[in-house]
Amino acid sequence: MENIIHFNLADGQSANVRLLHSSVGTIECGRIHYTQIGDRKRNIRCPGNGCPICEKGEMPTNRIYIHLFDYTDNKEKVWSRTDKILPQLKAIEESWCNLNDCVVKITRIGEKFPKYEVTVLNPKNFESIDEKHIDEAVAYRMYLTRSVDELKEYYETGVLPPHKKKEQAISKKEYFNDKPKFEVKEPAPTT
């Protein structure tokens with residue numbers, strides 16, 4: 001699996017990118033803690049109820065993960081943002097139908113709390129991209145995932161344990177075959 005890097009712009013800087021999403025609805029989101037783990041700050045997905053990071057008073061922030069192709073250096077990247085950019089992207093979607101059908105120029109305005117100007121460019125002036133990346137799930141590569149128990153173990157031992165994956169899920173067919181069958185009765189005729 002090839003690493004995907006973060007998309008970042010400095011104040012006043014611009015980049016021409018193709019959004020690798022068919023619609024705003026395919027942009028992944030998550031509740032993320034940016035917290036000290038060992039000797040550095042790390043992004044950790046909040047496991048929800050019982051989260052020891054939340055219990056310490058560090059509340060998670062909502063982040064969206066926009067998968068894109070940056071024509072500046074011809075690399076696949078992920079742009080982690082708050083959801084304030086979504087109205088601009090929704091307006092583009094409403095005009096173009098599929099977000100990935102157009103190329104946009106993103107310009108950062110401001111240093112500390114930046115705003116972003118998004119301008120649609122003519123996609124015919126840019127190379128097409130491999131469509132296998134459209135709507136591909138990539139956000140999980142931008143943060144650590146740990147369960148409540150794994151995070152509690154970290155706070156007890158000071159060592160972040162590896163993530164233990166849940167048991168393999170069963171297929172829909174197995175699930176429905178194991179479910180009890182219910183008979184649908186016709187309502188009694190009214191007289």
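Remember, it's a predicted structure, so these values are computed and weren't measured experimentally. All heavy atoms count here, side chains included; hydrogens, waters and symmetry mates do not.
When the shell of 6.0 Å around CG of N122 is examined, it contains more than 12 heavy atoms from other residues, nucleotides or ligands. Atom NZ of K105 sits in a sparse spot, with 12 or fewer heavy atoms from other residues, nucleotides or ligands closer than 6.0 Å.
Both W96 and I85 belong to a single network of hydrophobic side chains, linked directly or stepwise wherever heavy atoms of I, L, V, M, F, W or Y lie under 4.5 Å apart. Cluster annotation: I106 and I92 are assigned to the same hydrophobic cluster (Ile/Leu/Val/Met/Phe/Trp/Tyr, side-chain heavy-atom contacts under 4.5 Å, transitive). In the hydrophobic clustering of this structure, Y116 groups with I64; members are Ile, Leu, Val, Met, Phe, Trp, Tyr whose side-chain heavy atoms approach within less than 4.5 Å, directly or through other members. A continuous path of Ile, Leu, Val, Met, Phe, Trp and Tyr side chains, each step under 4.5 Å between heavy atoms, connects L19 with V120, placing both in one hydrophobic cluster. With hydrophobic clusters built from ILVMFWY side chains whose heavy atoms lie under 4.5 angstrom apart, I129 does not share a cluster with F7.
Side-chain contact between I109 and E117 is present, with heavy atoms from C-beta onward closer than 4.5 Å. Within the 4.5 Å cutoff, the side chain of C102 has no heavy atoms near those of the L121 side chain. The side-chain heavy atoms of L151 and P47, taken from C-beta on, include a pair separated by under 4.5 Å. A 4.5 Å side-chain heavy-atom check between V17 and V104 finds at least one atom pair inside the cut-off. Considering only heavy atoms from C-beta on, F126 stays 4.5 Å or farther from F69 through its side chain. Side chains of Y143 and R63 form no contact here, defined as non-hydrogen atoms less than 4.5 Å apart. Looking at heavy atoms from C-beta onward, I66 lies in side-chain contact with L89 at the 4.5 angstrom threshold.
Distance CD1/I44 to CD1/I53: 4.5 Å, rounded to 0.5 Å. The line from CD of E150 to CG of L160 is 8.0 Å long, rounded to the nearest 0.5 Å. Taking CG from N16 and OG1 from T72, the interatomic distance works out to 6.0 Å, rounded to the nearest 0.5 Å. Note that the CG atom of N62 and the CZ atom of R81 stand 13.5 Å from one another [nearest 0.5 Å]. Note that the CG atom of N8 and the CG atom of D70 stand 10.5 Å from one another [nearest 0.5 Å]. Note: C51 SG to K56 NZ = 10.5 Å, rounded to the nearest 0.5 Å.
The two residues E153 and K164 come nearest to each other via the heavy atoms OE1-NZ, 4.2 Å. What you find for H21 and D135 is that their closest heavy atoms are CA-OD1, 3.3 Å. The shortest non-hydrogen separation linking E127 to R18 is O-NH2, 3.6 Å. Between R108 and P114, the shortest heavy-atom contact is NE-CB, 3.4 Å. Contact detail for E28 and E136: the closest heavy-atom pair is OE1-O, 3.9 Å. Shown here for S23 and T26, the closest heavy-atom pair between the two residues is O-OG1, 2.9 Å.
N98 places no side-chain N or O within 3.5 Å of a backbone atom of N100 that could act as its donor or acceptor partner.
For the residue pair S147/D149, the side-chain donor-acceptor check at 3.5 Å is not satisfied.
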I'd like a table of donor-acceptor pairs (distance under 3.5 Å, sequence neighbours excluded) in which one partner is a side-chain atom from residues 31-38, with atom names and distances.
from, atom 1, to, atom 2, distance (Å)
H33, ND1, E58, O, 3.0
T35, OG1, E58, OE1, 2.7
Q36, NE2, G38, O, 3.2

